[in-house]
Protein chains: 2
Amino acid sequence: MTIKPRAKIRIEEVARTAGVSAATVSRALNNPALVSPQLRAKVEKAAKKLGYVAHGAARALASRRSHALGAVVPTLGNTIFSDAIGAFQRRLEAENYTMLLATSDYDEEVEYRNVRTMIERGVDGLMLVGATHGKALYDLLEASGVPFVQTWAPAKASPYPTIGYDNTALTRIVVDHLAGLGHRDIGMVAGLRRNNDRVRARLVGMRAAMRRHRLPLPASRIVFTDYRIDAVRAAFREMQRRGPMPTALVANNDIVALGLMLEAQSQGIRVPRQLSIVGVGDLEVAAHLHPPLTTIRTPKQTIGTLAAEYLLARIHDRPVELPAELALELVLRGTTAPPPRKDKTV
Amino acid sequence: MTIKPRAKIRIEEVARTAGVSAATVSRALNNPALVSPQLRAKVEKAAKKLGYVAHGAARALASRRSHALGAVVPTLGNTIFSDAIGAFQRRLEAENYTMLLATSDYDEEVEYRNVRTMIERGVDGLMLVGATHGKALYDLLEASGVPFVQTWAPAKASPYPTIGYDNTALTRIVVDHLAGLGHRDIGMVAGLRRNNDRVRARLVGMRAAMRRHRLPLPASRIVFTDYRIDAVRAAFREMQRRGPMPTALVANNDIVALGLMLEAQSQGIRVPRQLSIVGVGDLEVAAHLHPPLTTIRTPKQTIGTLAAEYLLARIHDRPVELPAELALELVLRGTTAPPPRKDKTV
DNA sequence: TCCATTCATGAAAGCGCTTTCTTTTGGCGC
DNA sequence: GCGCCAAAAGAAAGCGCTTTCATGAATGGA
């Protein structure tokens, strides 16, 4: 049952066993084309036999390549990010890269520290969330020369490489839909703005869209919340407290939308008859809610995959281009309908 | 806007700037107690001024410590794991460790490769999910001498350090509850068993508990599914196809439970009047469903935190002890009730 | 006052690889 | 059969740190 922990094997010993030099072993393992088939076979056999596992740090030191990419996301508690990270990692794995992951909890300082640590660890590239970061971070990034890519924002949002969709457009699509249905009084249940340019962009887009439709959007129609269902329900009630409810609510994401539906239902408010709700993200449950949730499908996995591809390409000096922005899709389901007929004005 | 990428600073230059030797700089930065306050201050100032960032690989090579821990989990798509990973990472961060993360997608071979890669990268410790792995994996682990900890299983499940709760006990608790309510015909909607000893343990526990209550549990009462809601609903129908429905269903987790509730509702089956359902995990939504879900609360964050603590302790040669098993809590809510009165037998 | 300790510092030897540079080998044309 | 050149292999010099080990200064006991 217990295996004798054999001493660690260094390249030297593989070389001796195979009857070649360490240099040849290194080449055979990392760049087989440089070694004749016979020696290559010998080396491979010896390596396998001895259970040779290269020493990553030594390799990184000598080659100036860590074969590791870093990712810093706000949180793993949101499937939006964990899905993207999953896709990112799978892409890396396919290319034999390792992922370093850290979470910042929407804290700029923590993010800075994490990035610094990763640079220190020698990551070959870095994935960040959001297109607006502190100057200190950008300075650090530029000083280190590590390729990086920002995510969840369209390319135009930053002078630095960025990949994602346009959050401004997102709320525009939603408002267009709602206004098209006849809604004139639309509210928004937004996420917290702290270090979250996605939320900020959506607000901007919301305001602009409302203006285009010549619809009012007083501050009282916007309420902020984190993504705990309790908090969302409280936000719902907060909006009620501020005056008569809007006929439609734009949620920051599907979880928020779910919370709103839950609170509406428990108050006997009919969705969508009395109140329309739109989510964002198209989580799996969205389609299964009662009624099924109208939402915007966002390309989370694509973001992770493309981020990985971009970084890998940069590292290997392959040409890459980032899409200007990723497509969004309005998924029409059962939570939106024309507003109730105005029997009483305001 | 553009910062001139200053050349990378090596310890040598910090030493020169501070007017001391490289050895002193290293000591001042890593083990300040060994350096006199004056020199320490000088070094710190020089390091800050030059923006010195240590070279992790060189440091790892020289010190034989990577200051990185690895984690390999089946998937990030399940909050069970992403929450635990989040807690794990936060704990590491507090101690200035970095996390390497990889997902195996429940594939033993992928897991092996990932572990190998991490060992190669020189992780100081490793967190794994599950208490049963292939012999090859254990051999690798022992040969490398890297401390590791298994999770999501009780200590007794393995000769190796393991931290988690007892999945056998979990289903026992559920069955006890259901049987106590008067249910005699209980079904189980389990997860896929492939490389998943948690599911297998729950099956074992389920069978044992049913036996203790002298209740039958034919194979037809157990149906397997992955965690997509569509699949769960199909599983529900599959069970119906096999004969008259049980009066209670044990779900593999809250997502599965949700899927079951959804399907029941859409068929007009009343929960819990006609059908009791129990979940596992106590996800945040569980309390907000209609009716609120009876479920078992599992200590996911605790598992992540304790895993980190154990590993850190091992690395620093601090004494550690792992709890035999973590506590489970039955959260009674609205989806369980006595079975409908037997108007017609079987 | 002198020697034995202790403490802070510096010099230098690696850590285990990769990669340049050099040497050797072998293929091929004449 | 000889010489030339390309390809393959080896020797050795680092990569940028940490950590022994050695040294010198400072302290204290006799």
Handout entry: A/N31 CG - D/dA8 P separation (whole Å)
Key = 12 Å
Problem - Spacing of A/L34 atom CG relative to D/dA6 atom C1', expressed in whole Å - result: 14 Å
Exercise for the section: Indicate whether OP1 or OP2 belonging to D/dA7 is found under 4.0 Å from a side-chain N or O atom of A/S36. Expected result: no
Problem - Salt-bridge criterion met for A/E95 and A/R91 (N-O under 4.0 Å) - result: yes
Problem - Salt bridge flag under 4.0 Å for residues B/E13 and B/R10 - result: yes
Practice task
Sugar-phosphate atoms are those with a prime plus P, OP1 and OP2; base atoms are the rest. Using that split, label each nucleotide of nucleotides 10-20 of chain C B, S or - for protein heavy atoms under 4.0 Å, 5' to 3'.
Solution key: BB--BBBBSBB
Practice task
On the 0 to 90° scale, with breaks at 30° and 60°, tag the A/Y138-A/Y160 ring pair as parallel, tilted or perpendicular.
Solution key: parallel
Problem - Reported CZ-to-OG distance for the pair B/R116 and B/S144, which is rounded to 0.5 angstrom - result: 10.5 Å
Handout entry: Minimum side-chain heavy-atom gap B/I303-B/Y165 below 4.5 Å
Key = yes
Handout entry: Separation of C/dT25 P from A/Q38 CD (nearest whole Å)
Key = 15 Å
Handout entry: From B/E44 atom CD to B/Y52 atom OH, the distance as rounded to the nearest 0.5 Å
Key = 13.5 Å
